[in-house]
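One structure below.
When a ligand or atom number is given, it counts from 1 through the structure's own listing order. Because only heavy atoms are used, hydrogens play no part in the values below, and waters and symmetry mates are left out as well, while side chains stay in. On a predicted model such as this, the values are computed, not experimentally measured, just so you know.
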Amino acid sequence: MSKPKIVILGAGYGGMMTTVRLTKELSAEDAEITLVNKHNYHYQTTWLHEAAAGTIHHDRTRMLIKNVINTKRVNFVQDSVQSIDRENHKVALKNGEIDYDYLVIALGFESNTFGIKGLDTNAFAIRSVNTARKIREHIEYKFASYNSDPDAKDSDLTIVVGGAGLSGVEFLGELVDRIPELCKEYDIDPNKVRIVDVEGMPFVLPPFDRELANYAQKYLEGKGVEFKLNTFIKEATPEGVKVQKKDSEELEEIQAGTVVWTGGVKANHIPADSGFETNRGKIQVTADLRSPEDDHVFAVGDVAVIFPPNAERPYPPTAQIAIQAAENIAKNMKHILKGEATESFVYKPKGTVASLGEKEAIGVVFDHKMTGKPAAAMKKVIDDRYLLMLGGVPLVLKKGKLNLL
Ligand code: FAD
């Protein structure tokens with residue numbers, strides 16, 4: 001009898017952790033495992049703001065998939081998923097087709113511009129290694145051109161960040177570290193640089209404790225960031241952005257050489273386009289993380305929405321949940337193949353830390369509030385813990401942040 005075929009789509013946090021755990025939970029005789037991803041590398045999305053600002057090289061955020069997974073146990077297919085044919089248990093790829101008995105959808109997120117005029121064309125988004133690299137190069141080009149291009153304007157040195165959620169604030173933290181270096185490198189007076197954050201809410205970091213969020217705002221303001229709260233980006237143009245304060249009729253124009261939108265993400269479009277029933281584009285999974293319409297399909301990470309028992313609001317889309325859910329999926333796959341009952345997913349929140357550059361951060365870890373250097377060190381521990389879970393000590397030594405070498 002042929003072995004059941006398990007296919008995992010996407011090699012982000014959810015897909016990689018599912019794959020690595022499946023090779024531990026199952027033996028080679030139990031199932032054939034295939035991982036599909038559009039690149040030959042896995043990247044750490046939660047580090048992309050650093051690559052985008054240029055405080056780390058983008059190669060630090062990524063690793064070759066073949067160096068992390070057990071290639072004797074997992075077929076890796078580098079291709080782009082186009083659609084899922086649930087009825088026939090097939091996935092259409094750009095360059096072919098693949099059959100499955102069990103499917104794990106882990107295709108992650110896309111940027112959500114909420115239809116704001118011009119954002120798609122005139123703003124960058126921190127979405128992938130390639131988009132992060134483009135942002136870093138664009139900012140550097142603006143600084144490099146300032147003293148050499150006769151048409152250069154002071155506003156070329158203005159960076160507008162849309163959104164003051166986790167990724168927006170973390171990106172601001174990296175920018176305030178990076179801009180002094182760029183000014184020194186390109187002989188630019190730091191007073192000519194403006195970093196403006198535009199946020200529709202009356203405060204920064206909405207899900208965070210207010211005291212910690214205020215700490216982050218004050219720290220960034222102290223480094224020169226201007227916050228425009230209660231303010232909405234109405235349009236992005238080649239010259240910058242047009243913004244409007246809540247309850248005001250007036251549009252204000254902010255001329256800027258760089259606009260980076262961090263104001264929203266949505267689920268990858270493929271599950272909804274393939275006919276899965278979705279809740280705001282996400283598959284609302286059952287307690288054991290399967291599609292309610294198809295018990296051969298699991299969803300993990302930003303394509304899935306999980307409601308805590310008896311809660312009205314779902315868990316937020318985070319890497320932490322994607323990693324824990326992936327471990328649950330690997331266990332459940334084993335139970336299913338052995339004819340056992342599956343386990344419900346129980347999320348164990350360990351806290352969240354937001355970095356504010358290399359040496360500052362805020363966060364709550366196991367209900368303990370942290371700021372400053374201890375919080376920054378904790379963020380590095382969290383980053384390295386994931387590497388440890390994924391590839392053991394060798395991966396931590398190669399890619400980790402605690403500079404053990
Ligand atoms: P992803 O990590 O997005 O991976 C999806 C994978 O699928 C990618 O490898 C992609 O290339 C691949 N893929 C996509 N489409 C296709 C296709 N058609 N064919 C083949 N492959 C495809 N969360 C936290 O918990 N803590 C943080 O501090 C934090 N900071 C963040 C900072 C930033 C700047 C951003 C943007 C997000 C942050 N998040 C954080 C959120 C976190 O990154 C996401 O929740 C997490 O990446 C979701 O994991 P995932 O596996 O669902 O998807």
Side-chain angles (χ1 to χ4, degrees), residues 7-19 35-53 61-63 65 76-84 91-95 98 104-112 125-132 135 161 163 165-174 205 207-208 260-271 273-274 282-283 299-306 315-326 329 347 349-356 361-363 378-380 382-383 385-386:
V7 174
I8 300 125
L9 306 180
Y13 292 95
M16 281 299 276
M17 194 52 79
T18 304
T19 307
L35 172 66
V36 183
N37 194 59
K38 62 175 151 190
H39 305 113
N40 64 350
Y41 55 83
H42 161 63
Y43 56 87
Q44 299 235 56
T45 310
T46 59
W47 299 16
L48 288 180
H49 56 286
E50 296 167 70
T61 72
R62 64 178 172 173
M63 57 208 76
I65 290 170
F76 173 61
V77 176
Q78 185 183 347
D79 209 332
S80 181
V81 176
Q82 307 292 297
S83 61
I84 300 159
V91 177
L93 306 175
K94 199 169 174 199
N95 302 299
I98 195 161
V104 181
I105 308 176
L107 291 167
F109 69 94
E110 296 172 358
S111 174
N112 190 356
I126 306 175
R127 208 173 47 236
S128 62
V129 170
N130 287 334
T131 62
I135 295 169
V161 177
L166 182 60
S167 52
V169 164
E170 289 198 315
F171 180 53
L172 291 168
E174 299 304 316
L205 289 171
F208 267 83
V260 179
W261 174 247
T262 70
V265 295
K266 60 183 176 191
N268 186 298
H269 66 281
I270 289 173
D273 287 0
S274 302
K282 298 180 178 208
I283 298 176
V300 62
D302 287 6
V303 291
V305 62
I306 307 174
Y315 291 122
T318 65
Q320 195 184 151
I321 293 186
I323 294 163
Q324 290 188 27
I329 288 174
Y347 175 49
K350 297 190 164 61
T352 309
V353 180
S355 63
L356 303 168
I362 55 149
M378 183 52 75
K379 181 79 176 180
K380 293 187 176 79
I382 293 169
D383 288 342
R385 183 177 174 271
Y386 169 68

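No donor-acceptor pair under 3.5 Å is formed between the side chain of His49 and the backbone N or O of Ser167.
Under 3.5 Å, the side chains of Glu170 and Ser355 contain a donor-acceptor pair of N or O atoms. Side-chain atoms of Tyr386 and Thr46 include no donor-acceptor pair closer than 3.5 Å.
Tyr41 carries Arg62 over the face of its six-membered ring, with the cationic atom under 6.0 Å from the centre and within 45° of the normal.
Residue Ile362 forms a side chain to side chain contact (heavy atoms under 4.5 Å, CB included) with just one option from Val353, Leu205, Val169, and that option is Leu205.
For the ring-ring contact (aromatic ring centres under 6.0 Å, His included) test, residues two or more places apart in sequence or in another chain that qualify with Tyr315 are Tyr347.
Sorted by chain and number, the residues within 4.0 Å of ligand 1 by heavy atom are Gly10, Ala11, Gly12, Tyr13, Gly14, Asn37, Lys38, His39, Tyr43, Thr45, Thr46, His49, Asp79, Ser80, Val81, Ala106, Leu107, Gly108, Phe109, Ile126, Leu166, Ser167, Glu170, Asn268, Ile270, Gly301, Asp302, Pro317, Thr318, Ala319, Gln320, Lys379.
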